[in-house]
There are 2 protein chains.
Amino acid sequence: MMQQGQSPIQSRRMAERAGWYGRPVTPAGTAGQGKLSDLLQVMGVASDERPAGEAYAIPVRRLRTGASLFHEGAPADHLYVIQLGNFKTLRMAEDGYEQVLGFAGMGEILGFDGLSKGQYQTAAAALEDSRVYAVPVRALDTLRQRVPAFDRALQAAVSRELRRACEIADVMSAVAAEVRLARFLVQVSSQMVERGQSPRRLLLRMNRRDIASYLGVAHATASRSFGALADAGYLKVDNRAVEIVDLDGLKVCARNTRGTLEDMAARA
Amino acid sequence: MMQQGQSPIQSRRMAERAGWYGRPVTPAGTAGQGKLSDLLQVMGVASDERPAGEAYAIPVRRLRTGASLFHEGAPADHLYVIQLGNFKTLRMAEDGYEQVLGFAGMGEILGFDGLSKGQYQTAAAALEDSRVYAVPVRALDTLRQRVPAFDRALQAAVSRELRRACEIADVMSAVAAEVRLARFLVQVSSQMVERGQSPRRLLLRMNRRDIASYLGVAHATASRSFGALADAGYLKVDNRAVEIVDLDGLKVCARNTRGTLEDMAARA
DNA sequence: CGATCGTTTGACGGTGCTCAATCACCGTGG
DNA sequence: CCACGGTGATTGAGCACCGTCAAACGATCG
């Protein structure tokens with residue numbers, strides 16, 4: 001199980017060298033400030049619009065791997081847009097158990113859930129060295145009024161965040177662990193497509209523990225599920241580098257809300 | 001188990017007669033139209049503001065029990081605010097399995113997740129006879145610009161919807177079925193408080209099947225969990241009428257991300 | 001090269017899913 | 001008024017799957 005020797009990819013470092021999930025167009029790195037127009041571009045607004053707000057400067061925050069962007073319960077004074085990198089959002093149960101709610105990448109918005117109560121309802125932590133635009137909540141109304149493009153982008157981003165929120169329910173509604181993992185991988189694959197990258201070669205930024213938490217299973221079970229999907233011929237797995245060999249098959253597998261891989265094989 | 005004879009509440013009808021979860025202040029029922037000021041009131045905006053938009057009339061839709069407000073994938077042309085009644089939001093898996101994503105009551109917003117793609121990403125169905133304000137998406141921008149109070153209310157409602165979205169993750173992150181149910185009941189209880197009603201006497205509007213789907217367990221398991229919590233002395237259950245006898249105890253139980261009721265008893 | 005963290009794999013016991021029967025409740029129609 | 005069918009809730013039996021515990025292995029970094 002989990003082919004070792006003949007696999008073309010041996011380690012994460014090698015994977016990155018080989019150009020797996022090659023870094024997207026990295027916006028030229030400005031230090032502590034960013035232009036509003038860059039922010040809008042990251043958020044996916046057509047750049048041929050030249051809004052009046054060109055002059056606005058947006059603070060940029062840098063975070064190292066593992067650093068937390070904001071904590072659950074902290075006063076929600078900023079709204080963040082990811083310029084570069086990847087994050088996880090999570091909630092801490094009172095008994096210290098950490099529930100991962102989702103993963104977010106470039107262009108996605110973080111912290112909006114804090115607006116209604118003035119406190120963040122979730123926490124966010126960087127999965128790798130990252131940069132975010134930090135939009136002060138106090139400036140939100142002004143910005144939205146003066147720059148309609150920003151307003152629209154914000155609305156779309158929030159709606160997207162809502163969609164993301166129900167993806168976790170999608171995953172957890174499956175009973176079998178392998179099916180949950182299959183759904184997760186299909187989600188990641190779709191996001192790759194949205195970003196104009198290969199839907200088959202994934203380099204997961206999060207560790208098994210985070211994935212397991214997101215799937216709602218034990219981390220040992222998550223690991224076994226990777227093995228099961230690999231054995232079934234859907235994937236090639238090497239640590240965090242995952243190649244989807246049979247995407248259609250994986251999607252069929254992901255459909256099965258009830259029943260396991262065995263049942264699928266029996267049905268065929 | 002599940003005390004029968006001496007229970008003060010025998011049936012749902014009796015429960016309603018007895019004033020359990022007595023209907024909230026029902027806004028005077030206007031037929032096909034509603035005033036914007038009423039809408040704002042339902043959304044929880046202080047009513048002493050008298051916005052310029054008083055003249056706006058908002059269409060009102062009525063739905064009978066079980067009727068669906070919108071389907072998944074349908075063009076998202078309206079945003080809905082619940083005037084009266086209760087709804088469930090759900091997604092249909094390709095294999096026909098129905099995953100309940102959450103429940104929404106008076107003042108809450110439905111359909112916002114459709115804005116980014118122009119199609120509803122979830123479906124919504126009435127759990128009882130209900131009424132909703134139907135705000136045309138095309139009128140959204142205008143309305144928000146002309147009536148700042150509406151804009152703020154909308155932003156708060158969306159943020160609230162995001163909070164609701166992660167409640168399901170909260171529930172599902174528990175391993176034991178009884179703990180999931182306990183968390184759900186604590187959620188419902190909290191909502192009762194937010195609406196200024198008794199946190200102890202619940203009249204659930206949804207059937208066991210919907211609850212089970214929301215909890216991510218089989219409906220037989222959901223039923224057993226009600227029994228278990230009742231046996232443990234936290235609840236009195238009579239069909240959809242639930243009285244929380246020991247709210248603090250229930251909250252303690254809800255904390256246990258891992259481990260079951262047995263473990264709690266052993267620890268004490 | 002050692003230390004630490006992350007991943008994989010094993011064994012075992014328990015929980016919950018499936019299937020199915022029974023019961024309670026309700027509206028209908030004879 | 002009661003017999004009847006339909007829906008929803010509860011309960012039971014059996015077995016597979018997954019969570020817990022534990023150990024070995026692999027990767028990464030100083």
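Below, read A as the first sequence line, B as the second, and so on, with proteins coming before strands; counting in each chain starts at 1.
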- Query: Whole Å only: how far is the CZ atom of A:R240 from the C1' atom of C:dT8?
  - Reply: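 About 14 Å, once rounded to whole Å.
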
- Message: Could you check whether A:Y214 and A:Q187, counting side-chain N and O atoms only, form a donor-acceptor pair closer than 3.5 Å?
- Response: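 Checked: A:Q187/A:Y214 side chains pair up, N/O donor to acceptor below 3.5 Å.
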
- Rounded distance (Å) that lies between atom C1' of D:dA27 and atom CZ of A:R209: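 These atoms are roughly 18 Å apart.
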
- Out of D:dA9, C:dG16, C:dT7, whichever nucleotide has its closest atom nearest the side chain of A:N207: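 Of D:dA9, C:dG16, C:dT7, C:dT7 is nearest to the side chain of A:N207.
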
- For residues B:I244 and B:Y234, determine if any side-chain heavy atom of one lies less than 4.5 Å from a side-chain heavy atom of the other. no

- Determine whether the side chains of B:E98 and B:S213 contain a donor N or O and an acceptor N or O closer than 3.5 Å. no

- Between the side chain of B:R180 and the main-chain N/O of B:M172, is any donor-acceptor distance below 3.5 Å?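 Yes; judged by distance alone, with no hydrogens or angles, the pair exists.
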
- Task: Report which part of the nucleic acid A:G66 touches: base, sugar-phosphate, or nothing (heavy-atom distance under 4.0 Å, all strands).
- Result: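 Contact class for A:G66: none.
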
- Flag, side chain of B:N239 to backbone of B:A241, donor-acceptor distance under 3.5 Å: no

- Item | Whole angstrom value for the distance that separates P of C:dG16 from CZ of B:R180 |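 These atoms are roughly 8 Å apart.
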
Contacts under 3.5 Å, N or O only, protein and nucleotides 20-24 of chain D:
unit_1 : atom_1 : unit_2 : atom_2 : d
D:dT20 : OP1    : B:R258 : NH1    : 3.0
D:dT20 : OP2    : B:R258 : NH1    : 2.4

- Shortest side-chain distance from A:S223, nucleotide among C:dT9, D:dC18, D:dA27: C:dT9

- Message: Using whole Å, what does the distance between atom P of nucleotide D:dT28 and atom CZ of A:R208 come to?
- Response: 13 Å

- Task: Calculate the interatomic distance between A:L181 atom CG and C:dT8 atom C1'; express it in whole Å.
- Result: 15 Å

- Query: Hey, is the main chain of A:N256 close enough, under 3.5 Å, to the side chain of B:D95 for a donor-acceptor pair?
  - Reply: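 Between the backbone of A:N256 and the side chain of B:D95 there is no qualifying donor-acceptor contact (under 3.5 Å).
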
- Task: Measure from OH on B:Y97 to C1' on C:dT18 and round the result to the nearest Å.
- Result: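 So the two atoms are 13 Å apart, to the nearest Å.
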
- Message: Ignoring hydrogens and geometry beyond distance, is a side-chain donor-acceptor pair present between A:S173 and A:R183 at under 3.5 Å?
- Response: yes

- Note on the structure: Between CG of A:D238 and P of D:dC25 the distance, given in whole Å, is 18 Å

- Message: If I take atom CG in residue B:L204 and atom P in nucleotide D:dA9, what distance separates them, rounded to the nearest angstrom?
- Response: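 Distance check: B:L204 CG to D:dA9 P gives 10 Å.
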
